[in-house]
Amino acid sequence: MCGISGYINIKRKVDLDILERMTDIIDYRGPDDEGYALLGKEEVIFARGKDTVNEIEEKNINEIDEDNYFMGLGHRRLSILDLSVFGHQPMQKHEKVLVFNGEIYNYVELREELQLQGYDFVSNCDSEVILSAFDCWGESCVQKFNGMWAFAIYDIKKQKLFLSRDRFGVKPLYYYSDGEKMLFSSEIKQILCDESVPRVVNEEVLVHHLRYNFREYSEETFFKEIYNLRGGCNMVVSFDFDHSKIEAMKITRYYDLNKRIKVEECVNSAQLVGDKLRHAIKIRMRSDVKVGSCLSGGLDSSSIVGIIGDEIKKGQGSKEKFTTVTIGFPDEDKINEVDFSHQVTEFCNCEENVITPQIDMVMEHLESIVWHQDEPLPHLGSEVSYAVFKGAADNKCKVFFDGQGGDEGLAGYYAYYANYLWNVFWKYGISKFVKELKLVVQSSSMTYKTAIVFMLYFNIPFIRKFGTGIRRNKYLSTKLKRKINNNSIRTFFETKDGLGRQLEDYLYGSLPCILHWEDRNSMASSVETRLPFLDYEYVESVLSIKLSDKMKNGYTKVPLREYMDGLLPDSVIWRKNKLGFPAPTEKWLWEMPQNYVLELLTKPYSAKYFNIKKIRKEYLGKRGNAEMLEKFILVELWMRKFNIKSE
């Protein structure tokens, strides 16, 4: 797990100062090692930085003549596999140079396959496997990888740069190009190290975030002209050395989840789900450093801990107690999950660590989280994720499991009830609908009213499109409201069946947003997060199961619940209230120091986007839409932290 940087400029050559700043600004992503590769048309030279391990005997980057090189690659290493110097990057092999962020979990099997074809290896790390796989299978090598990645490989012979991002976009990859130069990186702030890159708000993305909570739905970011390479995509960059320019930047999709799914009858969905999840967890246990897991007390994270505990009992893991970190709110009965997580740690014989964030922690971490996230926070609840990974680091866990992706695959969100009930109503009639509605209310924390409102909201485009935005519109400026582009977000308002809703969440709905926050909050504490529910083989299998097999007797995620019988307490397996690491965000909002909020409301950077007068009046009166006050605070902090201009 690491951070990567790239700077390309054929005409004016590499600016080594910018490349070094791009790499050093994310030192928390890789505090264990640092390295650089500088590439000419037919040559490469490697350099060290201030944090390069002592065994690497190369010139310091600031001692090299930058006029000889059109491309520079930077790397920050968080050592997870093969902690020796053999895992140092940038790495060269087969006349190809690699910078890589992520983990290829099936690297052991791939290395054996490549050895049979005559490839030799000097390390025990996945980085070397990537280079040999690319040499052997070319761009199609990514089809063989099971893991998370964002990497760049420069082929010295072919004089082309190949960039790739994993299937679901677990690891980030951003880029900027003005026609003459190109920069790419793990985080946006790295690109901003080049002061010629504009720091301008992408107003279309901003208004969709503020009005509908939609973000990460396309390749665009909150920064105009800075883009992300989408999950499941590759990019090939070719060069015109005769005219000193980038010839082409071609993006292709190598993985299309829509085309991989075929819903069919399943004889034993519990066994299918359980076997795939267990395999995903086992290969993600491969590590040369301490591994732990977050634990909310919900089904997803509890299932990970339960299966790991079972593997440890079978002698497949460490004999030490497995470390978990839980967020608890003892004074907030409705959102406190510690009783459930404690049952899991007792049942699985784990080491339990409970953290209770308070407003003082929120204020201490808030601006740091804003800086790490690069883009506006969704809500103050980001503190929960930040605190979990800080807790992981405090407990010496460099690798940490998390349950992200579990809800999307097994229809765990309450919104999926909407599609299920809608389908029952139209397919089987009112009698069956009333029966299923009653079961949903009995088996969840939903009321009859909530279930019906959800059903109408998520299945009638007019209600979803206009109902959400009306109450938020009055807090936005007229200028910003003009930026609403319904074409770019049309898909969110279309009626979908259950599978359609799940695919939406995987590709441009809930999941890309969650993965953004997960990556930044974990890496802020130099922790690698691993997500077995996003193993692509697991995802393809679970999406092939009919929605009616996932929802039974009013319960969601039925196959996983059934598989975990005996591996977790029944009270956790069949709990009815779904929370998912909640936080008392509205309470925190009103506990924020008033002088802090009023200062943000004074000459705000974001004045062109909000009705500041209304927000200020309602804040002082302790009334109005708390959600929109929270959004203002977080957008304003983002614009100030990155010194961003409005269009």
Side-chain angles (χ1 to χ4, degrees), residues 208-209 211-217 257 261 263 296 298-300 335 378-379 381 403-427 433 436-437 439-469 471-472 489-515 517 533-534 539 542-543 545-561 575-582 627:
H208 292 153
H209 161 64
R211 196 172 194 268
Y212 301 115
N213 288 331
F214 298 156
R215 47 194 288 163
E216 302 277 349
Y217 54 82
L257 184 60
I261 306 306
V263 179
S296 70
L299 182 63
D300 297 335
I335 62 172
H379 44 65
Q404 310 294 14
D407 287 310
E408 288 79 2
L410 283 168
Y413 293 128
Y414 279 178
Y416 291 121
Y417 279 128
N419 299 99
Y420 178 72
L421 291 171
W422 183 266
N423 181 63
V424 168
F425 179 80
W426 289 107
K427 191 172 182 179
F433 168 76
E436 291 299 316
L437 176 62
L439 288 171
V440 165
V441 172
Q442 290 175 344
S443 304
S444 71
S445 59
M446 298 184 84
T447 64
Y448 285 101
K449 179 182 177 181
T450 304
I452 292 172
V453 168
F454 267 51
M455 186 182 76
L456 298 175
Y457 175 80
F458 283 102
N459 289 286
I460 301 178
F462 176 84
I463 294 178
R464 191 176 190 196
K465 185 174 181 180
F466 294 102
T468 307
R471 62 190 177 88
R472 297 173 181 162
I489 55 173
R490 178 186 302 165
T491 183
F492 290 104
F493 303 120
E494 296 171 348
T495 301
K496 297 179 178 68
D497 60 16
L499 177 61
R501 182 69 61 198
Q502 290 179 282
L503 290 169
E504 174 186 291
D505 281 340
Y506 271 109
L507 301 175
Y508 37 77
S510 59
L511 189 64
C513 303
I514 290 170
L515 294 178
W517 310 324
F533 286 104
L534 289 181
V539 171
V542 78
L543 286 181
I545 299 171
K546 296 188 302 181
L547 186 62
S548 58
D549 286 340
K550 299 173 189 176
M551 292 181 145
K552 291 180 181 179
N553 299 319
Y555 282 98
T556 61
K557 303 182 179 180
V558 172
L560 182 58
R561 294 180 195 268
R575 63 176 286 193
K576 297 179 179 181
N577 61 325
K578 175 176 174 54
L579 297 176
F581 272 134
E627 180 191 24

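Please read all numbers here as calculations on a predicted model, not as lab measurements. Numbers for residues simply follow the sequence, beginning at 1.
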Sequence neighbours left out, what passes side chain to side chain donor-acceptor pair (under 3.5 Å) with Y212? Give chain and number order. none
Whether the side chain of N419 engages the backbone of K496 through a donor-acceptor N/O pair (distance < 3.5 Å, no angle test) should be reported. yes
Across all chains, not counting sequence neighbours, the ring pair (Phe, Tyr, Trp, His ring centres under 6.0 Å) partners of F458 are F454
Verify side chain to side chain contact (heavy atoms under 4.5 Å, CB included) between Y506 and V539, making sure each step is shown before the conclusion. CA-CA 10 Å; Y506 271 109; V539 171; 3.7 Å; yes
Between R464 (side chain) and E494 (backbone), is there a donor-acceptor pair under 3.5 Å? no
Non-hydrogen atoms of I463 and Y457 that approach each other most closely: CG2-CA, 4.0 Å
Donor-acceptor pair, distance only, cut-off 3.5 Å: does the side chain of Y417 make one with the backbone of M551? no
Taking side chain to side chain donor-acceptor pair (under 3.5 Å) as the definition, give me every residue that meets it alongside R472, ordered by chain and number, with sequence neighbours left out. E627
Summary of salt bridge (charged side-chain N to carboxylate O under 4.0 Å, His left out) pairs that have at least one residue in residues 443-455, sequence neighbours excluded: none
With D497, which residues qualify under side chain to side chain donor-acceptor pair (under 3.5 Å), at least two apart? none
Run the side chain to side chain contact (heavy atoms under 4.5 Å, CB included) test against L421 and tell me which residues pass, sequence neighbours left out. F433, E436, L437, V440, A451, M455
Can you name the ring pair (Phe, Tyr, Trp, His ring centres under 6.0 Å) partners of W517, sequence neighbours left out? none
Audit row: R561, T556, side chain to side chain contact (heavy atoms under 4.5 Å, CB included) steps and yes/no: CA-CA 9 Å; R561 294 180 195 268; T556 61; 3.6 Å; yes
Kindly indicate whether the side chain of L499, heavy atoms from C-beta on, has any atom under 4.5 Å from the side chain of L543. yes
So, using side chain to side chain contact (heavy atoms under 4.5 Å, CB included) as the criterion, who are the partners of P582 when residues are at least two apart? I335, E337, L579
Checking the side chain of Y508 only, and the main-chain atoms of F492 only, is there a donor and an acceptor separated by less than 3.5 Å? no
What pairs meet the salt bridge (charged side-chain N to carboxylate O under 4.0 Å, His left out) rule with one or both residues in residues 547-556, with sequence neighbours excluded? none
Output all residues satisfying ring pair (Phe, Tyr, Trp, His ring centres under 6.0 Å) with H379, sequence neighbours left out; order by chain, then residue number. none
V542 versus L560: any side-chain heavy-atom pair under 4.5 Å? no
Quick note, salt bridge (charged side-chain N to carboxylate O under 4.0 Å, His left out) partners involving residues 407-419, not counting sequence neighbours, are D407-K557, D407-K578
Tell me every residue that passes side chain to side chain donor-acceptor pair (under 3.5 Å) with K546, counting only those two or more places apart in sequence or in another chain. E265
If only atom types and distance count, is the side chain of Y414 paired as donor or acceptor with the main-chain N or O of S445 below 3.5 Å? yes
